[in-house]
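Okay, structure first, notes after.
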2 protein chains.
Amino acid sequence: MLNGLSIGALSRRTGCTVQTIRYYERIGVMPQSRRTGGNQRRYTAQHLDRLHFIRHARELGFSLEQIRELLTLADYPDQSCAEIDRIARTNLAAIESRLRRLELLRHELQRMASACRGGRVADCRVIRVLSKHDQCHTEHIGSPEMFED
Amino acid sequence: MLNGLSIGALSRRTGCTVQTIRYYERIGVMPQSRRTGGNQRRYTAQHLDRLHFIRHARELGFSLEQIRELLTLADYPDQSCAEIDRIARTNLAAIESRLRRLELLRHELQRMASACRGGRVADCRVIRVLSKHDQCHTEHIGSPEMFED
DNA sequence: GCTTGAATCTACAACGACTATAGGTTTTAT
DNA sequence: ATAAAACCTATAGTCGTTGTAGATTCAAGC
């Protein structure tokens, strides 16, 4: 509107919750906005753009720390974008590694689940595979945190 | 050993850190062990088996809550394993959904990164795509949390 | 102008699955 | 006997949110 978007309006336009917007401000990836006399936030079109950028980058798997870097780098349009390229490629590599790992897990789970069809727990393939790694066809060595975000 | 594995020995045999083992005990997925006179934990072969089960299930993407369920169900070997099957399939579906999403993200990141080769920030493809979703070929609608664990 | 209800404010706790630290005690090897 | 390694508890931190409580402000209708 004329004197700025409320936090709720910004939320509706970006699909980002009100709490998350406040969180982004607190950790400094969103700049502070002006406030009304009653201390409510009022945002500009620039804030809207920045929040779109952040959300889009989050959807593409960038961490908030990476986003912070990207935003800093984006502020110097005359510099080389080599560093930006590096961050994007790092993120791509991380996503590719997660993909490979998930493919292995899918394979093993498919094998497990297809072998289990309504028998008794004592004969359950799922429990058996989980109990003994040597019954597992896949070499999914690696810590769970690899697999998470 | 004769009077049980120390927590460090259990850690070495499972690849699970000492802190994590204590954490599992605290939240109740690992049963308590006997203690030495000096209050140190001493584990049995049953503990080793259970920790292997937990770790293996974690590697396959089961949450600790799901593992707790699986362990409870595994205690009743004469019941139907339908519920176990359901948990495994839920997990498989989650992994497949993450996979599809990651494939879209990879595609978009590849496109972004390949278009950016040492120009200036002002012309950087990465920044441009992140700034405007309509420059993005992929429909990766969905919140980041879908994408996370 | 008044009232109501929705939206907003701050501050703080919780989530999941760990990881790390501080400061102390026990065990093991020499 | 001593010293180093391993262990103990308790507590706080990580990441990216989400949820809560209790107070205040805003916008709309009368």
Side-chain angles (χ1 to χ4, degrees), chain A residues 1-30 32-43 51 54-69 91 94 98 142-149, chain B residues 1-30 32-43 51 54-69 91 94 98 142-149:
Chain A
M1 303 294 169
L2 290 178
N3 36 351
L5 294 163
S6 71
I7 196 166
L10 192 63
S11 168
R12 259 169 269 124
R13 271 162 215 237
T14 56
C16 181
T17 70
V18 164
Q19 296 106 299
T20 301
I21 297 169
R22 288 199 277 247
Y23 169 70
Y24 286 166
E25 181 189 310
R26 203 164 63 245
I27 65 165
V29 293
M30 276 294 281
Q32 285 176 308
S33 66
R34 83 175 184 81
R35 301 285 184 123
T36 64
N39 200 33
Q40 299 196 355
R41 291 164 180 87
R42 286 299 177 267
Y43 293 103
L51 189 51
I54 294 168
R55 282 275 101 187
H56 196 180
R58 284 292 296 129
E59 281 167 11
L60 286 167
F62 292 89
S63 70
L64 285 174
E65 211 38 64
Q66 286 177 322
I67 291 169
R68 205 193 291 275
E69 283 186 75
N91 194 32
R98 273 203 302 250
S143 47
E145 64 271 17
M146 264 190 63
F147 157 79
E148 282 158 39
D149 211 35
Chain B
M1 302 293 168
L2 288 179
N3 36 352
L5 293 163
S6 70
I7 196 166
L10 192 63
S11 169
R12 260 168 269 124
R13 270 164 216 238
T14 55
C16 182
T17 70
V18 165
Q19 295 104 300
T20 301
I21 296 169
R22 288 198 279 246
Y23 169 70
Y24 286 165
E25 181 188 309
R26 202 164 64 245
I27 66 166
V29 293
M30 275 294 282
Q32 285 177 308
S33 66
R34 82 175 184 82
R35 302 284 185 124
T36 63
N39 200 35
Q40 298 196 356
R41 291 164 179 87
R42 288 297 178 267
Y43 292 103
L51 189 50
I54 295 169
R55 283 275 98 189
H56 197 182
R58 285 290 298 130
E59 281 167 11
L60 287 167
F62 291 89
S63 71
L64 284 174
E65 211 36 66
Q66 287 175 324
I67 290 169
R68 207 193 291 274
E69 280 186 77
N91 240 277
R98 272 203 303 249
S143 47
E145 63 271 18
M146 263 190 62
F147 159 76
E148 283 158 39
D149 213 33

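Each chain gets a letter, A, B and so on, in the order its sequence line appears, and its residues count up from 1. Since the structure is predicted, the reported quantities are computational estimates derived from the model, not experimental observations.
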Between [atom2] on [N] and [atom1] on [X], what's the gap in Å once rounded to a whole number?
X        : N       : atom1 : atom2 : result
Glu65(B) : dG16(C) : CD    : P     : 7 Å
Arg26(B) : dT19(C) : CZ    : P     : 13 Å
Leu51(A) : dG16(D) : CG    : P     : 15 Å
Ile21(A) : dT10(C) : CD1   : P     : 13 Å
Tyr23(A) : dC15(C) : OH    : P     : 18 Å
Leu10(B) : dC8(D)  : CG    : C1'   : 16 Å
Ile7(B)  : dT27(C) : CD1   : P     : 15 Å
Arg12(B) : dA5(D)  : CZ    : C1'   : 11 Å

Exercise. Counting distance only, does the side-chain N/O of Asn91(A) pair as donor-acceptor with the main-chain N or O of Leu60(A) below 3.5 Å?
Worked result: yes
Seminar exercise, completed: By nearest-heavy-atom nucleotide on DNA chain D, the more 5' of Thr36(A) and Thr20(A) is Thr20(A)
Problem set entry | Glu25(B) or Gly38(A), whichever maps to the more 5' nucleotide of DNA chain D | Glu25(B)
[X] side chain N/O closer than 4.0 Å to the phosphate oxygens (OP1, OP2) of [N]?
X        : N       : value
Arg58(B) : dC18(C) : yes
Thr17(B) : dT19(C) : yes
Tyr24(B) : dA17(C) : no
Ser6(A)  : dT8(C)  : yes
Arg55(B) : dC18(C) : yes

Looking across every strand, which nucleic acid part, if any, lies under 4.0 Å from [X] by heavy atom: base, sugar-phosphate, or nothing?
X        : result
Arg35(A) : sugar-phosphate
Ile27(A) : nothing
Arg22(B) : base

For this session: For residues Ile7(A) and Arg22(A), report the shortest heavy-atom separation together with the two atoms involved.
Result: CD1-CG, 3.4 Å
Problem set entry | Minimum-distance pair of heavy atoms, taken over all atoms of Cys16(A) and Ser11(A) | O-OG, 2.8 Å
Exercise. Salt bridge between Glu65(A) and Arg58(A), side-chain N to carboxylate O under 4.0 Å?
Worked result: no
Exercise. Strictly by modelled atom types, are Tyr43(B) and Arg13(B) linked by a side-chain donor-acceptor pair under 3.5 Å?
Worked result: no
Problem set entry | Whichever of Arg42(B) and Gln19(B) has its nearest DNA chain C nucleotide further upstream toward 5' | Gln19(B)
Exercise. Side chain of Asn39(B): nearest nucleotide among dT17(D), dT9(D), dA27(D)?
Worked result: dT9(D)
